[in-house]
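Below is one structure; the comments refer to it alone.
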Amino acid sequence: MHNSPLPESIATYLQQHLGNILTVDRFAGGHQHSWLLTTEHERLVLRLNQQQPCYGLDYQREREVLQQLKGQAWIIDLHPLSFKGQFLLYRYQSGEVLSHVSGFSDALWQQLLSIIISLPRLGQGLAKFDMIHYLSRYVGDITAAQAKRFRQLALTWLKEQLWPSGLAFNHHDLHLDNLLLSPKQQLFVLDWEYAASSMQGWDAASVAVRCPVSRQQRQDLVLASQLSEAEFTLLEAAVELLDLAWYWQYQPSLAGLNQRSERWLLAHV
């Protein structure tokens, strides 16, 4: 594997166990530690170890999550080498992420809703994650001068809320780019590096905010969350806040970000 962009020790190890690796391509979309490997016999996805404990990111925990969720129709299979090296390796699944979707068909929605209903009870024994600490850390790390007021008011808002006390297993990053539809119309959920047990209803609220759901589909999510309407609305506001904080940290020049932040403050503070 000449001129491989992978660390030499990992490239050598993979070559020894997988045979000749024809190509190594970085995934598009900002996956700086994810690679598509093509061997003479198969295609595999490699994720190098990356951890940011303060932000909940842990590719090695993703291995534990995928192993625990093994057998679910919407989970991509791990490769056996995932348990022998400091990386995650899983089978490549062809398909198309749902970033283009402007609305869910009934069949697709039922698949997604079934996942959201079943997820909370599936992560027993896995790591716990303090969502409010996470949100406060993320908002507190905003450094853009034009967001100073937004940062201060949002931090105060976080401290003042009465948050749901229930604990459930969450993916923590559900949005259209992490939902893959196979050629056989099977829905898969990608990117489990943030998954942990945390606040009940977080995934349902994430889908309500980040995906094109109808009024009825939002009501399905409220029921799935087992929260009251007021509690679910609070989590929706928290998901919006997290997304705004992400943009302020990584894309502060995004058009309309100031206006979106002011609208959030007007609605919730």
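- Side-chain N or O atoms of Q93 include none that pairs as donor or acceptor with a backbone N or O of S182 at under 3.5 Å.
- Atom CD of Q226 has 12 or fewer neighbouring heavy atoms from other residues, nucleotides or ligands inside a 6.0 Å radius.
- Using modelled atom types, no side-chain atom of Q200 and backbone atom of S165 make a donor-acceptor pair closer than 3.5 Å.
- A donor and an acceptor atom, one from each side chain of Q216 and D220, are located under 3.5 Å apart.
- In this structure the side chain of R43 never reaches within 4.5 angstrom of the side chain of L37, judged on heavy atoms.
- Within 6.0 Å of CD on E40 lie more than 12 heavy atoms contributed by other residues, nucleotides or ligands.
- In the model, E229 has a side-chain atom that pairs as donor or acceptor with a side-chain atom of T233 under 3.5 Å.
- To the nearest 0.5 Å, the span separating CZ on R151 from CG on L155 amounts to 5.5 Å.
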*List the steps and the verdict of side-chain contact (heavy atoms from CB on, under 4.5 Å) for L119 and W74.*
CA-CA 11 Å; L119 256 182; W74 31 271; 3.9 Å; yes

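- The closest side-chain donor-acceptor pair between W248 and S261 falls under 3.5 angstrom.
- Taking both residues in full, the closest heavy atoms of A196 and H172 are given as O-CE1, 3.5 Å, listed atom of the first, atom of the second, then distance.
- Side-chain contact check for D177 versus L190: every heavy-atom pair is 4.5 Å or farther apart.
- Side-chain N or O atoms of N178 include none that pairs as donor or acceptor with a backbone N or O of D191 at under 3.5 Å.
- Results of the side-chain contact (heavy atoms from CB on, under 4.5 Å) test with H171 over I116, D203, V207 single out D203 as the only residue that passes.
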_Between L241 and L158, does the side-chain contact (heavy atoms from CB on, under 4.5 Å) criterion hold? Intermediate values first, please._
CA-CA 10 Å; L241 175 59; L158 283 167; 3.9 Å; yes

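- To the nearest 0.5 Å, atoms CD (Q152) and CD1 (I142) are separated by 11.0 Å.
- To the nearest 0.5 angstrom, W192 atom CH2 is 11.0 Å from Q68 atom CD.
- With hydrogens and angles ignored, the 3.5 Å screen pairs no side-chain donor or acceptor of R47 with any backbone N or O of S34.
- Between L235 and W202, the closest heavy-atom pair is CD1-N, 3.8 Å.
- When side chains are defined from C-beta on, L265 counts as touching R149, because their heavy atoms get closer than 4.5 Å.
- Of the inter-residue distances, the one linking E240 atom CD with R263 atom CZ reads 10.0 Å to the nearest 0.5 angstrom.
- Using bins of under 30°, 30° to 60° and over 60° for the plane-to-plane angle, the ring pair Y134/Y138 lands in the perpendicular bin.
- Linking Ile, Leu, Val, Met, Phe, Trp and Tyr whenever their side-chain heavy atoms come within less than 4.5 Å leaves L153 and L266 in two separate clusters.
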_Please determine whether side-chain contact (heavy atoms from CB on, under 4.5 Å) holds for the pair L179 and V97, giving the CA-CA distance in whole Å, both sets of side-chain angles, and the decisive distance to 0.1 Å._
CA-CA 5 Å; L179 299 172; V97 294; over 6 Å; no

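- By the rule that hydrophobic residues join a cluster once side-chain heavy atoms approach within less than 4.5 Å of another member, V269 and L162 end up as members of separate clusters.
- The closest side-chain heavy-atom distance from R210 to L176 is not below 4.5 Å.
- Checked against T38 for a side-chain hydrogen bond (donor to acceptor under 3.5 Å, both in side chains), the options T23, N20, D25 give a single hit: T23.
- Considering all non-hydrogen atoms of both residues, E231 and P164 come closest at CB-CG, 4.1 Å.
- At least one donor-acceptor pair closer than 3.5 Å links the side chain of N170 to the backbone N or O of M199.
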*Go through the steps to decide whether K70 and I75 satisfy the test side-chain contact (heavy atoms from CB on, under 4.5 Å), and finish with yes or no.*
CA-CA 7 Å; K70 183 179 180 180; I75 290 293; 5.8 Å; no

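- Although no hydrogens or angles enter the test, the distance criterion places a donor-acceptor pair under 3.5 Å between the side chain of Q161 and the main chain of W157.
- The distance from atom CG of L44 to atom OH of Y92, rounded to the nearest 0.5 Å, is 11.5 Å.
- Side chains of V189 and Q72 form no contact here, defined as non-hydrogen atoms less than 4.5 Å apart.
- With hydrogens and angles disregarded, a donor-acceptor distance shorter than 3.5 Å links the side chain of Q111 to the backbone of L187.
- When the side chains of ILVMFWY residues are joined at heavy-atom separations under 4.5 Å, either directly or via intervening members, L254 and V239 end up in a single hydrophobic cluster.
- Across all non-hydrogen atoms, the minimal contact from W35 to R26 is CH2-NH2, 3.2 Å.
- V222 places a side-chain heavy atom less than 4.5 Å from the side chain of R218.
- Of the inter-residue distances, the one linking L81 atom CG with L14 atom CG reads 7.0 Å to the nearest 0.5 angstrom.
- Between L108 and L98, the closest side-chain pair of non-hydrogen atoms falls below 4.5 Å.
- Side chain of W264 to main chain of A237: a donor-acceptor pair is present (N/O by atom type, distance under 3.5 Å, no hydrogens or angles).
- Under the 4.5 Å side-chain heavy-atom criterion for ILVMFWY residues, no single connected hydrophobic cluster contains both W109 and L223.
- Of all non-hydrogen atoms in Q217 and P212, the two that sit nearest each other are OE1-O, 4.0 Å.
- The backbone N or O of I132 sits less than 3.5 Å from a side-chain atom of S136, completing a donor-acceptor pair.
- Looking at I76 and L66, their side chains never come closer than 4.5 Å, going by heavy atoms from C-beta outward.
- The cluster map of Ile, Leu, Val, Met, Phe, Trp and Tyr, joined by side-chain heavy atoms under 4.5 Å apart, puts L22 and V24 in different clusters.
- Formation of a donor-acceptor pair under 3.5 Å by the S82 side chain with backbone atoms of L89 is found in this model.
- Taking every heavy atom of both residues into account, V101 and F104 meet most closely at CG1-N, 4.3 Å.
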